[in-house]
Amino acid sequence: MADEILVDTEPARDEAYHLDTQVGFLLRKVTQRHLSIFGAVLPEITATQFATMAKSCELGAVSQNELGRATAMDAATIKGVIDRLQSRGLMATTPHPSDRRRLIVTLTERGRVALEAMKARAREISEQTLAPLSLPERRAFLRALKKLT
């Protein structure tokens with residue numbers, strides 16, 4: 001089948017390397033497609049900012065480092081994302097009560113309202129990203145992705 005992609009993790013030594021069958025390349029292409037859809041549907045916020053707000057809503061008040069780990073962002077990235085959200089009045093930081101070096105991060109009321117207003121469009125982004133797949137394929141795809149994380 002021309003459309004079928006088989007990834008052989010142990011190809012024969014004389015077999016050519018085909019980028020189009022490599023998991024990293026395919027994941028990057030899917031990510032690019034998803035981010036393009038995200039930008040078209042939610043142009044007022046980036047995907048990392050939305051993820052930060054959504055996870056902050058789920059977790060409540062947490063340290064900046066904990067929020068970074070929960071959203072799979074390194075310390076420098078999460079700090080920049082939080083700074084940008086804070087400058088828009090969507091998140092707030094306060095010093096940790098017992099360790100002044102740590103920051104506690106929370107969504108502001110304005111952030112909660114904004115997140116609530118974006119949730120339906122965020123669901124639409126997922127729907128558009130997965131649109132080429134049937135419902136059973138979507139379930140299998142998401143299950144497989146979760147196994148890889």
Side-chain angles (χ1 to χ4, degrees), residues 1-7 9 18-149:
M1 271 184 197
D3 290 339
E4 186 175 339
I5 296 173
L6 297 176
V7 177
T9 57
H18 297 284
L19 184 62
D20 291 345
T21 64
Q22 302 306 308
V23 65
F25 180 72
L26 294 169
L27 287 172
R28 187 169 61 81
K29 286 180 70 173
V30 170
T31 299
Q32 287 172 335
R33 182 173 168 275
H34 173 74
L35 291 176
S36 175
I37 294 166
F38 193 101
V41 175
L42 272 174
E44 69 271 23
I45 196 163
T46 67
T48 55
Q49 289 171 348
F50 181 83
T52 299
M53 291 176 66
K55 189 54 79 170
S56 180
C57 185
E58 289 174 26
L59 298 175
V62 294
S63 73
Q64 182 172 288
N65 284 337
E66 186 178 348
L67 186 55
R69 285 189 303 275
T71 55
M73 290 182 228
D74 61 48
T77 302
I78 193 67
K79 182 186 182 330
V81 170
I82 290 168
D83 287 349
R84 286 185 285 286
L85 290 170
Q86 192 171 14
S87 73
R88 294 173 61 189
L90 301 172
M91 295 198 82
T93 59
T94 55
H96 188 279
S98 62
D99 184 351
R100 302 296 242 167
R101 297 168 297 172
R102 294 177 67 193
L103 288 177
I104 299 299
V105 183
T106 55
L107 272 179
T108 62
E109 184 56 33
R110 180 177 175 183
R112 277 188 266 293
V113 169
L115 178 64
E116 197 56 43
M118 291 185 277
K119 283 181 179 178
R121 289 184 291 157
R123 287 184 193 96
E124 177 58 28
I125 292 164
S126 292
E127 178 63 32
Q128 285 185 37
T129 299
L130 296 172
L133 304 176
S134 68
L135 185 56
E137 288 172 327
R138 290 176 188 200
R139 289 181 179 140
F141 177 69
L142 293 172
R143 234 183 353 263
L145 284 177
K146 285 180 184 180
K147 276 184 148 181
L148 293 174
T149 61

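- A salt bridge links Arg112 and Glu109; the closest N-O separation between the charged side-chain nitrogens and carboxylate oxygens is under 4.0 Å.
- Arg33 places no side-chain N or O within donor-acceptor distance of the main-chain N or O of Lys29, the cut-off being under 3.5 Å.
- Residues Glu137 and Pro132 come closest through the heavy atom pair OE1-O, 4.3 Å.
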Trace of the side-chain contact (heavy atoms from CB on, under 4.5 Å) decision for Leu90 with Gln49:
CA-CA 10 Å; Leu90 301 172; Gln49 289 171 348; over 6 Å; no
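- The CG atom of Leu59 lies 12.0 Å from the OG1 atom of Thr106; values are rounded to the nearest 0.5 Å.
- Summarising the geometry of Leu42 relative to Met118, their closest heavy-atom pair is CD2-CG, 3.7 Å, with the distance given to 0.1 Å.
- Side-chain atoms of Glu127 and Arg138, non-hydrogen and from C-beta on, do get closer than 4.5 Å to each other.
- To the nearest 0.5 Å, the span separating OG1 on Thr108 from CE on Met91 amounts to 8.5 Å.
- Atom CD of Glu124 and atom OG1 of Thr129 lie 9.5 Å apart (nearest 0.5 Å).
- Between the side chain of Ser63 and the backbone N or O of Leu103, no donor-acceptor pair lies under 3.5 Å.
- To the nearest 0.5 Å, atom CD1 of residue Ile125 and atom CZ of residue Arg121 are 8.0 Å apart.
- Minimum interatomic distance between Met53 and Ala114 (heavy atoms only, all atoms of both residues): CE-CB, 4.3 Å.
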Pair Val105, Leu85 - check side-chain contact (heavy atoms from CB on, under 4.5 Å), show working.
CA-CA 11 Å; Val105 183; Leu85 290 170; over 6 Å; no
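- Counted by atom type alone, Gln86 and Thr93 present one or more donor-acceptor pairs between their side chains at under 3.5 Å.
- Using a 4.0 Å cut-off between a side-chain N of Lys or Arg and a carboxylate O of Asp or Glu, Glu66 and Arg69 do not qualify as a salt bridge.
- Using modelled atom types, one side-chain atom of Thr31 and one backbone atom of Leu27 make a donor-acceptor pair closer than 3.5 Å.
- Rounded to the nearest 0.5 angstrom, Ile78 CD1 and Leu67 CG are separated by 4.5 Å.
- Note that CZ of Arg84 and CD1 of Ile82 are 10.5 Å apart. Values are rounded to the nearest 0.5 Å.
- Between Arg88 and Glu44 no salt bridge is recorded (no basic side-chain N to carboxylate O distance below 4.0 Å).
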Take Phe38 and Ile45, measure what side-chain contact (heavy atoms from CB on, under 4.5 Å) needs, and give me the verdict at the end.
CA-CA 9 Å; Phe38 193 101; Ile45 196 163; 4.1 Å; yes
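- Scanning both residues, Leu19 and Phe25, for their nearest heavy atoms gives O-CD2, 3.4 Å.
- A pairwise comparison of heavy atoms in Leu115 and Leu107 identifies CD2-CD1, 4.0 Å as the closest pair.
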